[in-house]
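Data block below; observations after.
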Number of protein chains: 2
Amino acid sequence: MSAEAKEAKVEMNASQPASPPLTERQEARRRRILHASAQLASRGGFDAVQMREVAESSQVALGTLYRYFPSKIHLLVATMQDQLEHMHGTLRKKPPTGDTAAQRVAETLMRAFRALQREPHLADAMVRALTFADRSVSPEVDQVSRQTTMIILDAVGLENPTPEQLSAVRVIEHTWHSALITWLSGRASIAQVKIDIETVCRLIDLTDPRAPE
Amino acid sequence: MSAEAKEAKVEMNASQPASPPLTERQEARRRRILHASAQLASRGGFDAVQMREVAESSQVALGTLYRYFPSKIHLLVATMQDQLEHMHGTLRKKPPTGDTAAQRVAETLMRAFRALQREPHLADAMVRALTFADRSVSPEVDQVSRQTTMIILDAVGLENPTPEQLSAVRVIEHTWHSALITWLSGRASIAQVKIDIETVCRLIDLTDPRAPE
DNA sequence: CGCTAATCTAGAACAAGTTTCAGACTTGAT
DNA sequence: ATCAAGTCTGAAACTTGTTCTAGATTAGCG
């Protein structure tokens, strides 16, 4: 037998709760799977992400795919986590420049929206999975939600948001998700989404003592 | 170019677009199907609405079920239309009593929310179908959206809403749907939903000249 | 009434998500 | 190096949404 790698464990993922640490090969498998998922999703959206195809594309047995992601929804939500992380990094590099919190949040969300427009099929797959997820995916969906909240709070630019402000952020998130859905299903135009985002963002100013109406 | 267009028998049903009129038996079948759908949904939510079971419960062949409703999503969205109509009627009877538009809208939505809490599984099935619907269901989903808009506008109490007000209503609707989803998937409490609704409803007052803060 | 087209029925067949299983391979510890 | 436990593979099976088919029923019409 060749000196087949003794796989050292790689442990350092701050975001996921302590799941059994993965070996390098496992980390690589996981990554291949997520990559295949995103690729298939980019082609044809939710329906194009077929578990057998994902397994084949990522060179993994179907059973293994299901060991890593217990359902198609789990897989797509994980894909979204992955993409979101990437986007958060991108957004951080160029903070929004608006004068009011509302402007900055709207600017940030519109930037994210434009990114999604470049891969509408991928957006479709991820967002549909997110809103279709049932209780069994709650932890993962919650993680996505927290990540989104952080992106918005970054744009607001506050260290210690008040409960009122957090409510406003929650509502902005609701609007963001739902507006995306109406756009993805062809019931609202890009312009309409923009208006909705700008409208809801006014809420954040209502709670900002520094920039009263 | 004869001026006599062939508009002999325009079906004047305001809600449904001109579909071929149904015979009594067909109307009865359609009703049985919707009833079975709602009943199964009430038991076990989205997953419990299985097309074979719906067909059997409503004494109709599977193929016929699919002739009436071309997919499970269509069926559930139609079920929602049905329930919404009922709810709109109920709400009309006792108009909300709040002083501001925001209070009235929040009151109305909370009343609807309490109705949904009585049949959480049914709510699950309908809302999941609604947000999962793809383009092929757009007309039906749009109809649900219009109906919801009318309910909210009723609560606002305006004849001729401004575009700004319509935007606020759209955002309220977004929040309503998304908040329902987070509640249904166990990620938000009833109290949290209430707060979110009340928060977003403040938007409607921003646009109401009569009741400035 | 009798005809034709549309509709309905029972049931098989197909598609994709999910589960299961036996056997091969890895890993971690001794 | 060796063994037990855990993991991965390939393939088949199962579930439920959806489609298809052949024959029976019904509706509308002359």
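The sequence lines fix the lettering, A, B, ..., with proteins before strands; numbering per chain opens at 1.
Interatomic distance, A:Asp196 CG to B:His174 NE2, rounded to the nearest 0.5 Å: 4.0 Å. In this structure, CG in B:Leu130 is found 9.0 Å from CE in B:Met126, a value given to the nearest 0.5 Å. Considering CD of B:Gln39 and OG1 of B:Thr79, their distance stands at 12.0 Å, rounded to 0.5 Å. Within the model, atoms CZ of A:Arg104 and CD1 of A:Ile204 stand 10.0 Å from one another, a figure rounded to the nearest 0.5 Å.
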Checklist outcome for this item: For nucleotides 19-30 of chain D, 5' to 3', base contacts (B), sugar-phosphate-only contacts (S) and non-contacts (-) with protein non-hydrogen atoms under 4.0 Å give B------SS---
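A salt bridge is absent between B:Asp47 and B:Lys72; no separation between the charged side-chain nitrogens and carboxylate oxygens falls under 4.0 Å. Between B:Glu164 and A:Arg202 there is a salt bridge, since at least one side-chain N of the basic residue sits less than 4.0 Å from a carboxylate O of the acidic one.
Atom NZ of B:Lys72 and atom P of C:dG17 are 15 Å apart (whole Å). For B:Leu76 and D:dG17, the CG to C1' distance is 12 Å, given to the nearest whole Å. Summarising the geometry, the separation between CD on A:Gln26 and C1' on D:dC8 is reported as 10 Å, rounded to the nearest angstrom. Rounded to an integer number of Å, the gap from CZ of A:Phe132 to C1' of C:dG17 is 12 Å. Straight-line distance from the NE2 atom of B:His74 to the C1' atom of D:dT18: 13 Å, rounded to whole Å. Rounded to whole Å, atom P of D:dT18 lies 9 Å from atom CG of B:Leu65. For the pair A:Arg52 CZ and D:dC14 C1', the computed distance is 11 Å after rounding to whole Å. Regarding A:Met51, its CE atom lies at a distance of 7 Å from the P atom of C:dG17, rounded to whole Å.
A heavy-atom distance below 4.0 Å to DNA chain D is reached by these residues of residues 38-50 of chain B, ordered by number: B:Val49, B:Gln50.
In this structure, A:His35 places its NE2 atom where only 12 or fewer heavy-atom neighbours from other residues, nucleotides or ligands lie under 6.0 Å away. For A:Glu56, the CD atom is loosely surrounded, since the number of other residues' heavy atoms within 6.0 Å does not exceed 12.
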Item to check | Dot-bracket line, read 5' to 3' along DNA chain D, where crossing pairs take [ ] and | marks a partner on another strand, Watson-Crick or G-U under 3.5 Å | outcome: ||||||||||||||||||||||||||||||
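Residue B:Glu53 is out of contact with every strand shown, counting any heavy-atom pair closer than 4.0 Å. The residue A:Glu56 sits apart from the nucleic acid: no heavy atom pair falls under 4.0 Å. Residue B:Phe69 is classed as having no contact, given no heavy-atom separation below 4.0 Å to the nucleic acid.
Taking the side chain as every heavy atom from C-beta outward, A:Asp154 and A:His88 approach each other to under 4.5 Å. Counting heavy atoms from C-beta on, the side chains of A:Ile152 and A:Thr108 never come closer than 4.5 Å. A:Gln147 is listed as a side-chain neighbour of A:Glu85, based on a closest heavy-atom distance under 4.5 Å. Put simply, the side chain of A:Leu109 does not reach to within 4.5 Å of the side chain of A:Phe113, judged on heavy atoms.
Set against D:dT18, D:dC8, C:dC8, the side chain of B:Arg67 has C:dC8 as its closest nucleotide. Checking C:dT9, C:dT7, D:dT9 against the side-chain heavy atoms of A:Ala61 singles out D:dT9 as nearest.
Proximity of B:Tyr68 to the phosphate of C:dT7: no side-chain N or O atom is located under 4.0 Å from OP1 or OP2.
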